[in-house]
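Please read the structure below before turning to the comments.
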Number of protein chains: 2
Amino acid sequence: MPIVGVEDKRKQQLIDAALSSIAELGLQKTTIISISQRAGMSSGIISHYFGGKQGLVEAALRHLLDKLGRSFLEKIQQTDGSAKARILCIIEANFTEFQRSELAARTWLSFWARSMHEPGLKRLQQINNARLCSNLRFAFAQCMTRQEAQDAARQTAAMIDGFWLRSALSVDPDENFASGEALCKSFALSFIDTQ
Amino acid sequence: MPIVGVEDKRKQQLIDAALSSIAELGLQKTTIISISQRAGMSSGIISHYFGGKQGLVEAALRHLLDKLGRSFLEKIQQTDGSAKARILCIIEANFTEFQRSELAARTWLSFWARSMHEPGLKRLQQINNARLCSNLRFAFAQCMTRQEAQDAARQTAAMIDGFWLRSALSVDPDENFASGEALCKSFALSFIDTQ
DNA sequence: ATTTTTATTGATTGAACGTTCAATTAAGGA
DNA sequence: TCCTTAATTGAACGTTCAATCAATAAAAAT
């Protein structure tokens, strides 16, 4: 069945299949077989396109992070550039991201855990994290000192990640998400509304 | 070399060895061999005392959680029962726990990730989490409404977990911890000092 | 129609791992 | 001293999994 010129399409299909498997089975129990079955292809195709399982996993994380970044950029362009609007956009982007759900939260936690021991994943996480903190710092800096903005950014970033972590482990992830987004916003805006 | 009546001692030695291996290699790469080597025993002993690797991992997590609980109880007994004191104790216990270090943060993240797919671990995490939230809610409830206390407890718990998560992934975990403890305290106390 | 190139397959390989259990060792009792 | 019992060992086994690669199939080129 070989059709020429489908490299990008096949890669995307495999990334989707990998994310689906990670969401359902976890990164731990996701195998080359579980991915290739979901993609309707053979096991050998993964090494062919991504050089191995690790390469596909990295590509899948990169895909998620790209999506997160684009989500923020889209939102921010529909607002004025005020500190309040920027902060709401950042938080919304981090919670909205392709339906917050138990499965999405588990996927993130899987990637977080693995990135402790795989430098490629760790690097991607750190780039994304630096971007989040930088965006928050910039927004907060519009209405407080540099040091205060730094602290507020760290607290907000930690609270966002904390709610994601808790959603992955919670018995009731949806309820956790809904209140998480609201509580992060109310915390972050408390710096701004009171000034 | 068999010596009688050493069951509890052996179990503790194996738990220590398991935690050491998890801290260094991660739960993913921790094997029955890596544990038994550190304990100076043979590989079969783990199944003998814990019924298998999974049993030992559960026992190790239980041991960590016990330590965390005792740490809080010790601290709280050295203070008055004021809301402020209780909250400081809770946060300190969660950050001090067995020297905050890169390795300790990685150990927690390893357990968090695995507990998504192992009901035994998940149960332990949820019990511990319920205790943390309950303690925080009780303290906050001394100076605000029930709903406000619930929200404040969730925010504080998320921030604590978020800083732990970020320490495990950070390039500079120690700096993350030091500021994390201070920032969690300052956040939590902002509810109290302003009333 | 034939050849060449590209795409895909899936059986096989070899390594890693958890578990099992017969064998071994030494302590305590007779 | 001999026997029983508790403690411990570690080789063997079966399973799982990622990676490899020769074989195959279809498109493109000739």
Side-chain angles (χ1 to χ4, degrees), chain A residues 1-22 24-61 110-111 113-115 117-121, chain B residues 1-22 24-61 110-111 113-115 117-121:
Chain A
M1 304 180 194
I3 308 164
V4 297
V6 289
E7 177 159 336
D8 287 347
K9 190 174 178 182
R10 287 280 175 281
K11 281 190 173 182
Q12 189 55 49
Q13 288 172 329
L14 286 169
I15 286 174
D16 290 342
L19 289 173
S20 155
S21 173
I22 292 168
E24 191 181 331
L25 307 176
L27 198 36
Q28 161 107 185
K29 292 184 180 174
T30 285
T31 71
I32 279 191
I33 302 289
S34 78
I35 296 171
S36 52
Q37 273 185 348
R38 276 155 216 264
M41 307 178 205
S42 88
S43 64
I45 205 82
I46 290 175
S47 291
H48 179 250
Y49 278 124
F50 293 95
K53 185 191 174 189
Q54 175 180 330
L56 174 52
V57 169
E58 277 190 35
L61 176 56
S110 285
F111 278 121
R114 175 143 314 195
S115 66
H117 308 288
E118 279 192 18
L121 297 186
Chain B
M1 307 178 192
I3 309 164
V4 298
V6 289
E7 178 158 336
D8 287 346
K9 190 174 178 183
R10 287 281 174 278
K11 280 190 174 182
Q12 189 55 52
Q13 287 172 329
L14 286 169
I15 287 174
D16 291 341
L19 289 173
S20 155
S21 173
I22 293 168
E24 191 182 330
L25 306 176
L27 199 36
Q28 159 109 183
K29 293 185 180 174
T30 285
T31 70
I32 276 191
I33 302 289
S34 78
I35 296 171
S36 53
Q37 274 184 348
R38 276 156 215 264
M41 308 178 203
S42 87
S43 62
I45 204 83
I46 290 175
S47 292
H48 180 249
Y49 278 124
F50 293 95
K53 185 191 175 188
Q54 176 180 330
L56 173 52
V57 169
E58 278 190 34
L61 176 56
S110 285
F111 278 120
R114 177 145 310 195
S115 67
H117 308 289
E118 279 192 18
L121 297 186

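By convention in this document, chain letters (A, B, ...) are assigned in the order of the sequence lines, proteins followed by strands, and residues within each chain are numbered from 1. Note that the coordinates shown come from a computational prediction; the quantities given were computed from them, not determined experimentally.
- Nucleic acid contact class of A:Gly52 (heavy atoms, under 4.0 Å, all strands): sugar-phosphate only.
- The shortest side-chain heavy-atom distance between B:Tyr49 and B:Leu56 does not fall under the 4.5 Å cut-off.
- Atom pair A:Gln28:CD and D:dT16:P shows a separation of 14 Å (rounding to whole Å applied).
- Between A:Tyr49 and C:dA7, a side-chain N or O to OP1/OP2 separation shorter than 4.0 Å is absent.
- In this structure, of D:dA19, C:dT19, C:dT9, it is D:dA19 that holds the atom nearest to the side chain of A:Ser43.
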(message) Does B:Ile15 form a side-chain contact (heavy atoms from CB on, under 4.5 Å) with B:Leu19? I'd like the steps, not just the answer.
(response) CA-CA 6 Å; B:Ile15 287 174; B:Leu19 289 173; 4.1 Å; yes
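- One interatomic measurement links the two molecules: CD1 of B:Ile46 to P of D:dG10, which rounds to 14 Å at whole-angstrom precision.
- Contacts of B:Ile32 with the nucleic acid, taken as non-hydrogen atoms under 4.0 Å apart, include base atoms.
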(request) With side chain to side chain donor-acceptor pair (under 3.5 Å) as the test, would you mind laying out the steps for A:Asp8 and A:Gln12 before giving the verdict? (result) CA-CA 6 Å; A:Asp8 287 347; A:Gln12 189 55 49; over 6 Å; no
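- Separating the NZ atom of B:Lys11 from the P atom of D:dA6 is a distance of 16 Å, rounded to the nearest angstrom.
- B:Ser47 comes within 4.0 angstrom of a nucleotide base, judged by non-hydrogen atoms across all strands.
- Distance CD (B:Glu118) to P (C:dG18): 12 Å, rounded to an integer number of Å.
- Distance B:Leu27 CG to C:dG18 C1': 14 Å, rounded to the nearest Å.
- In this structure, A:Ser34 contributes its side chain and A:Thr31 its backbone to a donor-acceptor pair below 3.5 Å.
- Both B:Gly44 and A:Lys29 lie close to DNA chain D; mapped to their nearest nucleotides by heavy-atom distance, the more 5′-ward contact belongs to B:Gly44.
- Separating the CD1 atom of A:Ile33 from the C1' atom of C:dT9 is a distance of 12 Å, rounded to the nearest angstrom.
- In this structure, B:Glu7 places its CD atom 15 Å from C1' of D:dT5, rounding to the nearest Å.
- Of the listed nucleotides (D:dA11, C:dG18, D:dA18), C:dG18 has the atom at the smallest distance from the side chain of B:Thr31.
- Across all strands, A:Thr30 comes closer than 4.0 Å only to sugar-phosphate atoms, never to a base (heavy-atom distances).
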(message) Does A:Gln37 form a side-chain contact (heavy atoms from CB on, under 4.5 Å) with A:Ile33? I'd like the steps, not just the answer.
(response) CA-CA 6 Å; A:Gln37 273 185 348; A:Ile33 302 289; 4.0 Å; yes
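- The CD-P distance, from A:Gln54 to D:dT20, rounds to 12 Å in whole Å.
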